[in-house]
Amino acid sequence: MNCIGMEFFEELLKRPSMFKDESKLDINFIPEELPHREKELSLLSQLFLGLITNPNTISRKVLITGKTGIGKTVTVKCFGKLLENASKKRNINIMYAHVNCRKERTSYKVLIKIIQILDRNFPKRGYSLQDLLDVLIEFLHRNDMHILIVLDELSYLINKHEDLIYSLTRINDDAIKCDQRLSIIGIVRDLSCLNNLDVSTMSTLQTNIIDFKKYSREQIFDILKYRADISLKKNVLSDKMIEMISEITFNSSDVRCGLNIIWKSCKIAESKNLKYINSECIRLGNQDLLPYSTIDVLECMNSQKLSFLLAIIKALNNYDKVKISFNEALKMYYIICENVEMKPRSNSQLWNYLQEFKRENLIATKTVSERIKGRHTIIEIPDLSLPHLKRNTIEMLNAKGFKI
Ligand SMILES: Nc1ncnc2c1ncn2[C@@H]1O[C@H](COP(=O)(O)OP(=O)(O)OP(=O)(O)O)[C@@H](O)[C@H]1O
Ligand SMILES: [Mg+2]
């Protein structure tokens, strides 16, 4: 074949793109405006105003709660920027450190992450938890600095029997001259996870709770319209089409779903050489989707955990059941391990995985009492499309070198 026939890039680059800036549809992008979260931003500013008016004399602890995909993370990140900018203007040293506790699974990793935000070259190993707390407080004093620590997806840390929040609050209490150098925002989807916390920590956190409410259909429309305006060229996505995407998004209540559909349907329209996105592109774009939060969860799993998840999916599939028992999942897991030559994990470890799957909203479990079998746990996957979950799990395992 001659070179002219192989100019794929040239051909594609000649086509006018429908995107103005594709990256503005990325779920981690922080937009300049947050329609319908102005009230929450203003509330946060009021709560933290004292950090600027009376530097290092107060410490705030705030808890944010609300369902998945309704702007908790993005609002707090936006607020972090606002706080840093306002304090910089007044020569007050305030740092903002956002840590996702699902990604940094232990108190140790969370603390290292915070310290590395302050000092990029800080080594990862060789310290005890107490050493790290000392390093942090030393750094804050030396630099006359206040830090706002955001513990996002805090529920993942709470069940670990290590009370990082308690230790962090102690830093303020122990501080010389009672300087207040540390504030905390915790983000959780569901307040019930706090029941496992130490009573004093719980009462500290519960003084200021901001409950993020789900967006209405109209609010989702405004948000998606804004995100489409900044990322797509004019007239590519009509209001009618945004309404259609808003309707689908409203059902899941996760704005990520809408952003993803806009991106996918635009790609589909481009590939069909259309001038604008039509309802067929949206329908196609909405197929095959797992929620972004689920994909994110899968990406953080090791191969053992993925294999156990696959075992649950396959057991549900193969036995053609809505619910399976823990034992049925185990049987399938051993078969998978044998096939891919993986050393199986202990039953108690697998039990832990099961609890994590529950927290990650992948599965639901119920304990039932039966006359013959006695009490046992049953597992189901009520909220996700099984074929898509299976395909994604297998893809992740393949990427880790396991041929399934
Ligand atoms: N008001 C808004 N304006 C613009 N974009 C928004 C708004 N609310 C949410 N988004 C976007 O929707 C997506 C989901 O928001 P975010 O990540 O903040 O959800 P969350 O509440 O933290 O969910 P989770 O509990 O799953 O972590 C993000 O990409 C965010 O940029
Ligand atoms: Mg979040």
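Each ligand, and each atom within it, is numbered from 1 in the order the structure gives. Note that the structure is predicted; figures quoted are calculated from it, not measured.
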(message) Below 2.8 Å, can you find an N, O or S atom of T73 next to the Mg ion (ligand 2)?
(response) yes
(request) Check whether more than 12 heavy atoms from other residues, nucleotides or ligands sit under 6.0 Å from atom NZ of K305, and answer yes or no. (result)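 Enclosed: over 12 neighbouring heavy atoms sit under 6.0 Å from NZ of K305.
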(message) For the residue pair E32 / Y226, report whether a side-chain donor-acceptor contact shorter than 3.5 Å exists.
(response) no
(request) Could you verify whether a donor N or O on one side chain and an acceptor N or O on the other, from S192 and D190, lie under 3.5 Å apart? (result) yes
Taking a 3.5 Å cut-off between nitrogen or oxygen atoms, can you list every pair linking ligand 1 to the protein, with distances?
residue	atom	partner	partner atom	Å
ligand 1	1 (N)	P35	O	2.7
ligand 1	1 (N)	Y215	OH	3.1
ligand 1	5 (N)	R227	NH1	3.1
ligand 1	8 (N)	Y215	OH	2.8
ligand 1	17 (O)	R256	NH2	3.3
ligand 1	18 (O)	K72	N	3.3
ligand 1	18 (O)	T73	N	3.1
ligand 1	18 (O)	V74	N	2.9
ligand 1	19 (O)	G71	N	3.3
ligand 1	21 (O)	I70	N	3.2
ligand 1	21 (O)	G71	N	3.2
ligand 1	21 (O)	K72	N	2.9
ligand 1	21 (O)	K72	NZ	2.8
ligand 1	22 (O)	T73	N	3.0
ligand 1	22 (O)	T73	OG1	2.7
ligand 1	23 (O)	G69	N	2.7
ligand 1	23 (O)	R256	NH2	3.3
ligand 1	25 (O)	K72	NZ	2.7
ligand 1	25 (O)	R189	NE	2.7
ligand 1	26 (O)	T68	OG1	2.4
ligand 1	26 (O)	R189	NH2	3.1
ligand 1	26 (O)	R256	NH1	3.0
ligand 1	26 (O)	R256	NH2	3.1
ligand 1	27 (O)	R256	NH2	3.2
ligand 1	29 (O)	I27	O	2.8
ligand 1	31 (O)	R227	NH1	2.8

(request) Would you mind checking if E84 and K88 are paired as a salt bridge, meaning a charged N to carboxylate O distance below 4.0 Å? (result) no
(message) With a 4.0 Å cut-off on N to O distance, would you call K24 and D26 a salt bridge?
(response)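 No, this pair does not count.
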(request) For the pair H146 and S183, evaluate side chain to side chain donor-acceptor pair (under 3.5 Å) and give the outcome as yes or no after the intermediate values. (result) CA-CA 8 Å; H146 190 98; S183 293; 2.8 Å; yes
